[in-house]
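Since we're looking at a predicted model, the values are computed, not measured. The figures here come from the full heavy-atom set of this structure, side chains too, leaving out hydrogens, waters and symmetry mates. Here is the naming used below: chain letters follow the sequence lines, and residue numbers restart at 1 for every chain.
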Amino acid sequence: MMVLETSKANAILTVLQGCNNLTRLKKIQAHVIVNGLQNHPAISNSILNFCAVSISGSLPYAQHLFKHILNPQTQAWNSIIRGFAQSPSPVQAIFYYNRMLFDSVSGPDTFTFSFTLKACERIKALKKCVEVHGSIIRTGYERDVVVCTGLVRCYGGNGCVEIARMVFDNMPERDLVAWNAMISCYSQAGYHQEALRIYDCMRNENVGVDGFTLVGLLSSCSHVGALNMGVKLHRIACEKGLLRNVFVGNALIDMYAKCGNLDGALEVFNGMPRDVFTWNSMIVGFGVHGFGDEAIYFFNQMLEAGVRPNSIAFLGLLCGCSHQGLVEEGVEFFHQMSSKFNVKPGIKHYGCMVDMYGRAGKLEKALEIIGDSPWQDDPVLWRILLSSSKIHKNVVIGEIAMRNLSQLGAVNAGDCVLLATIYAGANDEQGVARMRKLIKKQGIKTTPGWSWIEVSDQVHRFVVDDQSHPDSGMIYQKLEEVTRKATMAGYVEDKSQFIFHGSCSEECLESSSTYHSEKLAIAFGLAKTPEGTSLRIVKNLRVCRDCHEFTKFVSRAFNRDIIVRDRLRFHHFKGGLCSCRDYWVMVIQKLAQQQNRMHVGKGKMEGTADNNNLSAAVIPAVEAKDPASGPSYYCNESTGKNQWEMPYDTPLVTHSISFTSVRRLGGGYGRIYWFKHRSPIPTAAILISKGCFAKECRELIVSLLPVQQYRMFPVHGGVSFCNVIETIKEVTGTFCKEACCICDQLMDSLIPPRHLAFLQQTNLLRWFN
DNA sequence: CAGTGGTATG
């Protein structure tokens, strides 16, 4: 009999392995039940795992299955956590993780942690990550490579690059994935030099290189304009046969385009399979170089290839049109966006339009665009208009733009400079004086300017009047020589007041800035590279007029090609001329001071970061309500509030708990857990707070507690769950899971109706909001 | 029985 069952079970397991859709699965399931194997651990796990994890599975169904598992084992928990971690609502993974820690006899293992960390990373739950980290250490899994890699990613993704690095450094061994995680962490956080630097360490450890490594490194190369490094990576990609990897190819295209080498980009493009990213990289690449025609060409090719353009394709397209002055085409594309391609224009698209009209001198039209856009309350568009007004010396529109900026409380020094320049152009001394006063009053707040230059695989960064470079002395000496030669070639230093010369670089505003960062970078580059090679410099701001002139003459005097990528576009200096044909004077700040970062995903970020805080967690309990399985909590979708579905006085059986929560106590969040020892009357309680309970709150809580034994417990990230468990042991004298099962600590606003009424009567509700 | 990673726009 046993043998027969085993062979049946094995047969079913084999069929399950090949299962690829839900309908089929349900048939197999029926078969399983017929054979009485529904409690076979391997089979039920396999079914659950398929439903939770597979693309052709079904998470709700997995949840349903999970609910009916009596004592889910670690693997079952893992399946459901993993399923949610990769789902559109990773927050539920954390919900299950918490329940696992509290409700389950099964403890977490390395898999649990790696799935949970993935969820933390995706929803940016830093505090939860810290806490999981605590649990990892406590359970002794901190030596596991995969778990640590998850931690590195999670910390990195939450902006804690240094912490990520610490975890990384403490790992007993690091595999390729771990290195890749560290590289992409640096790269995505904008620590490009570090990303490239760590690659050197990596090479010493013989872990090899794969597509992931290359993508991370290439992304950093494009940000800092490290073409030489990029070319080396290109070679490695060739050797490893990775050129047909779309990710690598796309990263290469982007790198070549951002480093100003469009031929290189084209070459890669021609030899690889393509996806949307590929096309976008080309369109954007040509667009930011001001090659509108080419951008349009690639756009049309993309359509022919049957790829649907998305908002980024249009951004590149409009940017190209705007720079090349293709107003009609740009307008046409802008309209087609929504009418033909069903892509909703975003603020950046509107920005391009304002810029396009503004640049073409159609300022009224630009004003109209802003009026028609949903972003009138955003300073960005007004700032673009202000810049356009400057190009065309239009005082009236300039003042309109400024008025709007000031109404939005968004005026900054750069704006004042722009308007002052317009006034100066109109010989309005008073206007200029007004702006000067305004700048003074506001205090000049500028983005510090810096320039990057790559010299023999090393990226060097300079700021204004930088003295921090080890070769500082040499650099300044060289700069003197360079300036002398440039002057002999005809360069005249333009130290006159920024306001009268249309410079729009913020760097010019920096106090008595004698040596802008790019001059230092140029001097350094000239000193450190062989004659005849070209210099590539990347700036975070626009090139100022003086530096632009300077670079022109340097390129002639030293017979060097100098390619400067500034915030907005490329300048190819050669023989005393610049590819932008001094267009830069007109190329305005446009997107330079875009602040839409603030708008994108604002609520989301703030909301989740706070909500996932451990004891404060407001993670919605979205467990589907299943009438068959008795009272439950659920999240009311329409109000977003968690609902209490259990009558307050329901006598509870084992595995249930009476629970109430108090929010915002003493400046933190609080929570009370009541425990039952197989009896409907709570025998002990634990009060948990993020900080300390306010005295009056404490009194209230204690008066509400139907128990004699209680304990106040401050919670700190990283140890909280363990603290709670320890405390349960202490308070109850034993650690009996059935007796003291904490249910759903996450339901913050879970206040039973009767309790709520009481709170309203006593005006105590304010503590809950 | 299982697990970790990637590109374009700013």
Side-chain angles (χ1 to χ4, degrees), chain A residues 10 13-14 16-17 41-43 45-46 48-50 52-53 74-79 81-82 85-86 109-118 121 141 144-154 156-157 174-185 187-188 190 210-220 222-223 242 245-255 257-258 265 268 272 275-285 287-288 310-319 346-349 351-352 380 540 567-568 590-601:
Chain A
N10 284 341
L13 279 171
T14 319
L16 271 171
Q17 268 171 11
I43 289 180
N45 276 333
S46 183
L48 178 68
N49 198 57
F50 173 84
V53 175
T74 303
Q75 264 185 41
W77 286 105
N78 288 354
S79 290
I81 292 174
R82 178 181 176 197
Q86 64 189 37
D109 63 4
T110 52
F111 293 90
T112 322
F113 288 130
S114 65
F115 303 142
T116 308
L117 284 172
K118 186 186 184 145
E121 187 199 335
Y141 286 119
D144 185 276
V145 195
V146 180
V147 170
C148 286
T149 306
L151 277 173
V152 168
R153 293 195 52 78
C154 198
R174 287 166 281 269
D175 61 4
L176 180 56
V177 181
W179 283 97
N180 289 349
M182 197 62 234
I183 287 174
S184 78
C185 163
S187 176
Q188 278 163 18
D210 66 3
F212 291 93
T213 327
L214 292 180
V215 168
L217 292 172
L218 283 168
S219 165
S220 281
S222 24
H223 278 100
L242 288 166
N245 174 329
V246 253
F247 288 100
V248 173
N250 293 342
L252 276 169
I253 291 180
D254 182 51
M255 182 278 294
K258 291 263 177 61
V268 177
M272 63 177 282
D275 65 2
V276 209
F277 282 73
T278 324
W279 291 103
N280 284 348
S281 300
M282 290 308 279
I283 296 169
V284 172
V288 297
N310 62 14
S311 71
I312 286 148
F314 283 104
L315 213 55
L317 199 56
L318 293 176
C319 178
I347 187 167
K348 287 169 207 156
H349 301 96
C352 284
V380 175
N540 64 334
R567 186 107 186 92
L568 213 59
K590 209 176 79 159
L591 302 168
Q593 293 168 354
Q594 271 211 2
Q595 295 177 349
N596 38 358
R597 187 180 282 266
M598 285 168 55
H599 292 264
V600 176

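Counting any heavy atom pair closer than 4.0 Å across all strands shown, Gly211(A) reaches a base atom. Residue contacts shown for Val146(A) include a base, since a base heavy atom lies under 4.0 Å away. Counting any heavy atom pair closer than 4.0 Å across all strands shown, Asp210(A) reaches a base atom. Nucleic acid contact for Asn10(A): none, since no nucleic acid atom lies under 4.0 Å from a heavy atom of the residue. Contact annotation for Phe113(A): no contact, since no heavy-atom pair falls under 4.0 Å across all strands. Asn245(A) comes within contact range of at least one nucleobase, with a heavy-atom separation under 4.0 Å. In this structure, Val145(A) reaches neither bases nor backbone, as no heavy-atom distance under 4.0 Å exists between it and the strands shown. Nucleic acid contact class of Thr110(A) (heavy atoms, under 4.0 Å, all strands): base.
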Chi angles and distances behind the side-chain contact (heavy atoms from CB on, under 4.5 Å) call for Leu252(A), Met272(A): CA-CA 11 Å; Leu252(A) 276 169; Met272(A) 63 177 282; over 6 Å; no
Check against side-chain contact (heavy atoms from CB on, under 4.5 Å), Ser184(A) and Arg153(A): CA-CA 9 Å; Ser184(A) 78; Arg153(A) 293 195 52 78; 3.6 Å; yes
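As a whole-Å value, the separation of Leu315(A) CG from dG10(B) C1' is 9 Å. Straight-line distance from the CG atom of Leu242(A) to the P atom of dG5(B): 19 Å, rounded to whole Å. Asp109(A) has its CG atom 13 Å from the P atom of dC1(B), to the nearest Å. Atom CG of Asp254(A) is separated from atom C1' of dG6(B) by 13 Å (rounded to the nearest Å). Here the P atom of nucleotide dA8(B) and the CH2 atom of Trp279(A) are 19 Å apart, to the nearest Å. Atom CD in Gln86(A) sits roughly 12 Å away from atom C1' in dT4(B) (whole-Å rounding). Between the CD1 atom of Ile81(A) and the P atom of dA2(B) there is a distance of 18 Å, rounded to whole Å. Between Arg174(A) atom CZ and dT4(B) atom C1' the separation is 16 Å, expressed in whole Å.
Here the nucleotide nearest the side chain of Lys348(A), chosen from dA8(B), dG10(B), dG5(B), is dG10(B). The nucleotide whose nearest atom lies closest to any side-chain atom of Phe247(A) is, among dT4(B), dA2(B), dT7(B), dT7(B). For Arg82(A), taking side-chain heavy atoms from C-beta onward, the closest of the listed nucleotides dT4(B), dG6(B), dT9(B) is dT4(B). Out of dG6(B), dG3(B), dA8(B), the shortest distance to the side chain of Phe115(A) is found at dG3(B). Checking dG6(B), dG5(B), dT9(B) against the side-chain heavy atoms of Val248(A) singles out dG6(B) as nearest.
Partners of His223(A) by ring-ring contact (aromatic ring centres under 6.0 Å, His included), not counting sequence neighbours, listed by chain and number: His192(A). In this view, Lys118(A) satisfies the side-chain hydrogen bond (donor to acceptor under 3.5 Å, both in side chains) rule with no residue, not counting sequence neighbours.
In the model, Asn49(A) has no side-chain atom that pairs as donor or acceptor with a side-chain atom of Ser46(A) under 3.5 Å. A donor-acceptor contact closer than 3.5 angstrom links the side chains of Asn250(A) and Asp275(A). Ser222(A) and Asp254(A) form a side-chain donor-acceptor contact under 3.5 Å, judged by distance and modelled atom types alone.
Within the structure, a side-chain polar atom (N or O) of Lys258(A) is placed less than 4.0 Å from OP1 or OP2 of dT9(B). Of the side-chain N and O atoms in Lys118(A), one or more sit less than 4.0 angstrom from OP1 or OP2 of dG5(B). At the phosphate of dT7(B), OP1 or OP2 sits under 4.0 Å from a side-chain N or O atom of Gln188(A).
For the pair Phe111(A) and dA2(B), the ring geometry qualifies as stacking, because the centroid separation is below 5.5 Å while the planes lie within an angle under 30°.
Put simply, the side chain of Asp175(A) and the base of dG5(B) share no donor and acceptor less than 3.5 Å apart. Judged by distance alone with a 3.5 Å cut-off, no donor-acceptor contact links the side chain of Asn78(A) to the base of dG3(B).
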